[in-house]
Protein chains: 2
Amino acid sequence: MVETHQPDDCSIQRTLDAIGDRWTLLILRDLFRGVRRFSMIQADLGIARNLLADRLSSLADEGVVKKVPYQDRPPRHEYHLTAKGRALSPALVALMRWGDDYYTDGGAPTELVHDQCQTRLELQPWCTSCNSPVDPTHIRSAPGAGRVLRTTETEDV
Amino acid sequence: MVETHQPDDCSIQRTLDAIGDRWTLLILRDLFRGVRRFSMIQADLGIARNLLADRLSSLADEGVVKKVPYQDRPPRHEYHLTAKGRALSPALVALMRWGDDYYTDGGAPTELVHDQCQTRLELQPWCTSCNSPVDPTHIRSAPGAGRVLRTTETEDV
DNA sequence: AGGGATGGTTGCAAATCTAAACCCACCCGC
DNA sequence: GCGGGTGGGTTTAGATTTGCAACCATCCCT
């Protein structure tokens with residue numbers, strides 16, 4: 001495991017320590033899609049079996065997935081997302097949208113749309129207090145001044 | 001490089017191929033924070049110099065960052081995010097929020113807030129057509145039926 | 001001429017990944 | 001009551017990637 005210099009101040013760091021592995025996010029994608037069984041995931045991703053076993057048990061240790069038996073003899077189970085795992089949905093949606101925007105060579109891949117008007121969804125920073133979307137220029141960081149995603153910078157040079 | 005079985009239908013896959021490396025997302029975080037120079041990033045992350053050089057040039061190849069000279073003799077430059085790179089902001093914010101929610105052991109780490117009211121930001125699915133937020137239960141997938149993040153699934157088992 | 005800052009490249013040992021073989025419990029058909 | 005297939009792994013050996021340290025190059029300063 002990578003020992004990082006500042007494991008303290010950044011949630012992105014901790015998040016990536018937990019799920020930032022190349023395969024892990026793809027495994028989570030499959031779980032979101034409803035692909036839940038070892039051999040299904042393995043076939044879908046083409047991941048080596050030992051790595052899949054390893055990643056799944058790490059995810060279980062993290063409380064992101066849990067084993068759920070679906071039959072007794074022989075004991076068989078599926079991997080389901082926990083609430084914590086399902087909370088990754090916005091992150092995966094955001095990554096997917098980025099890929100949609102920049103890598104759609106040819107046919108558009110899967111899209112997420114608003115079912116009432118079939119419009120493609122964006123992810124918008126939202127202020128629950130003002131109950132309104134927040135423009136990037138009004139995003140600021142709170143406690144650890146300086147150690148923050150400065151999304152407000154506009155210079156593209 | 002990992003040769004995947006279905007490079008075709010999933011933007012998450014393509015996105016991760018481009019920026020899904022363990023270090024790459026941390027490098028991007030630093031760039032968002034305004035840490036733009038080779039040795040600054042290197043000192044901040046503790047990444048090996050050869051890997052940093054490699055990852056930065058990959059990011060440049062992908063068009064996510066670009067080299068911007070800040071002096072001529074000796075030629076020195078910084079790495080700046082392009083529009084494509086800045087478009088990753090929602091993804092990084094989402095990952096950060098997840099870490100905030102599940103790994104804040106003790107003091108709250110950096111938060112992103114609305115500068116006008118200091119309220120912590122959420123990421124909300126947003127319909128640009130209705131110009132309103134979209135409830136998860138109204139999220140649907142569009143073309144490749146079945147191959148989708150089913151964010152609406154409620155079964156936690 | 002010597003020293004320091006910046007931005008790398010090179011070489012080698014250590015960790016990680018892949019592929020393929022193997023294991024085990026069970027079920028099914030015969 | 002044996003052969004084959006399925007599901008979910010573990011083991012082992014070989015190829016790749018990483019991490020670390022040392023080295024190189026350019027310029028500036030004194």
Side-chain angles (χ1 to χ4, degrees), chain A residues 1-7 13 16-28 30-31 34-62 65-81 157, chain B residues 1-7 13 16-28 30-31 34-62 65-81 157:
Chain A
M1 195 97 316
V2 175
E3 209 46 63
T4 49
H5 282 189
Q6 301 166 314
Q13 185 109 44
L16 294 178
D17 285 347
I19 55 144
D21 177 83
R22 154 159 236 82
W23 287 116
T24 300
L25 285 165
L26 288 172
I27 293 168
L28 288 169
D30 272 9
L31 295 176
V35 179
R36 304 187 211 282
R37 298 189 187 176
F38 190 93
S39 41
M40 290 295 105
I41 300 173
Q42 199 273 320
D44 186 56
L45 297 182
I47 184 177
R49 297 159 129 273
N50 52 353
L51 286 195
L52 179 55
D54 183 75
R55 296 297 180 276
L56 284 171
S57 80
S58 298
L59 285 172
D61 290 348
E62 288 285 343
V65 305
K66 66 170 167 261
K67 284 175 134 176
V68 177
Y70 65 87
Q71 70 178 34
D72 277 348
R73 274 186 314 287
R76 292 285 178 266
H77 51 269
E78 308 180 308
Y79 295 90
H80 284 221
L81 292 166
V157 176
Chain B
M1 198 95 313
V2 175
E3 211 45 62
T4 48
H5 281 190
Q6 300 165 313
Q13 185 109 43
L16 294 177
D17 285 347
I19 55 143
D21 176 81
R22 154 159 234 83
W23 288 115
T24 301
L25 284 165
L26 289 172
I27 293 168
L28 288 168
D30 272 9
L31 295 176
V35 180
R36 305 188 210 283
R37 298 188 185 175
F38 189 92
S39 41
M40 291 294 103
I41 300 173
Q42 199 271 319
D44 186 57
L45 297 181
I47 184 177
R49 295 157 131 296
N50 53 353
L51 288 193
L52 179 54
D54 183 75
R55 295 299 180 274
L56 284 171
S57 79
S58 298
L59 286 171
D61 289 350
E62 289 285 344
V65 305
K66 65 169 166 262
K67 284 175 134 174
V68 177
Y70 65 89
Q71 71 178 35
D72 277 349
R73 274 186 318 287
R76 291 288 176 265
H77 51 269
E78 307 180 309
Y79 294 91
H80 283 222
L81 292 166
V157 174

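Proteins get letters first, then strands, A, B, ... in listed order; numbering begins at 1 in each.
Note: B/I41 CD1 to B/I47 CD1 = 9.0 Å, rounded to the nearest 0.5 Å. Annotation: the span from A/D17 atom CG to B/L26 atom CG amounts to 8.0 Å, rounded to 0.5 Å.
Residue B/Y70 is the one, among B/Y70 and A/N50, whose nearest nucleotide of DNA chain C lies closer to the 5' end (criterion: closest heavy atom).
Rounded to an integer number of Å, the gap from CD1 of A/I47 to P of C/dT18 is 7 Å. Atom C1' of nucleotide D/dG8 and atom CD of A/Q42 are separated by 11 Å, given to the nearest angstrom. Following rounding to the nearest Å, B/R36 (CZ) and C/dG7 (C1') show an atom-to-atom distance of 18 Å. Per the geometry, CG belonging to A/L52 stands 10 Å off P belonging to D/dG8, to the nearest Å. Here D/dT26 presents its P atom at 15 Å from CD of B/Q71, a figure rounded to the nearest Å. Rounded to whole angstrom, the span from the CZ atom of B/R22 across to the C1' atom of C/dC17 amounts to 15 Å. The separation between A/R37 atom CZ and D/dG8 atom P is 7 Å, rounded to whole Å. At whole-Å resolution of the value, CD in A/E78 and P in D/dG8 are 8 Å apart.
The salt bridge (Lys or Arg N to Asp or Glu O under 4.0 Å) search around B/R76 returns none, not counting sequence neighbours. Annotation: side chain to side chain contact (heavy atoms under 4.5 Å, CB included) contacts of B/A48 (sequence neighbours excluded): B/N50, B/L51. Evaluation of the side chain to side chain contact (heavy atoms under 4.5 Å, CB included) rule for A/D21 yields A/W23, A/T24, A/R55 as partners, not counting sequence neighbours. Remark: B/E78 engages B/R37, B/H80 in a side-chain hydrogen bond (donor to acceptor under 3.5 Å, both in side chains) (not counting sequence neighbours).
For A/K67 and D/dG7, the shortest distance from a side-chain N or O to OP1 or OP2 is not below 4.0 Å. For C/dG8, the OP1/OP2 oxygens have a side-chain nitrogen or oxygen of B/H77 closer than 4.0 Å. Using a 4.0 Å cut-off, some side-chain N or O of B/R55 falls inside it from OP1 or OP2 of D/dT18. When the side-chain nitrogen and oxygen atoms of B/W23 are compared with OP1 and OP2 of D/dG19, one or more of them lie within a distance under 4.0 Å. Contact annotation: B/Y79 reaches the phosphate of C/dG8 (side-chain N/O to OP1 or OP2, under 4.0 Å).
Note on B/L51: only backbone sugar-phosphate atoms sit closer than 4.0 angstrom, heavy atoms only; bases stay farther off. Within 4.0 Å (heavy atoms only), B/D54 reaches no atom of the nucleic acid at all.
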Task: nucleotides 21-29 of chain C: protein proximity per nucleotide (B base, S sugar-phosphate only, - neither; heavy atom, under 4.0 Å) - done: ----BSS--
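The shortest side-chain heavy-atom distance between B/K67 and B/Y79 falls under the 4.5 Å cut-off.
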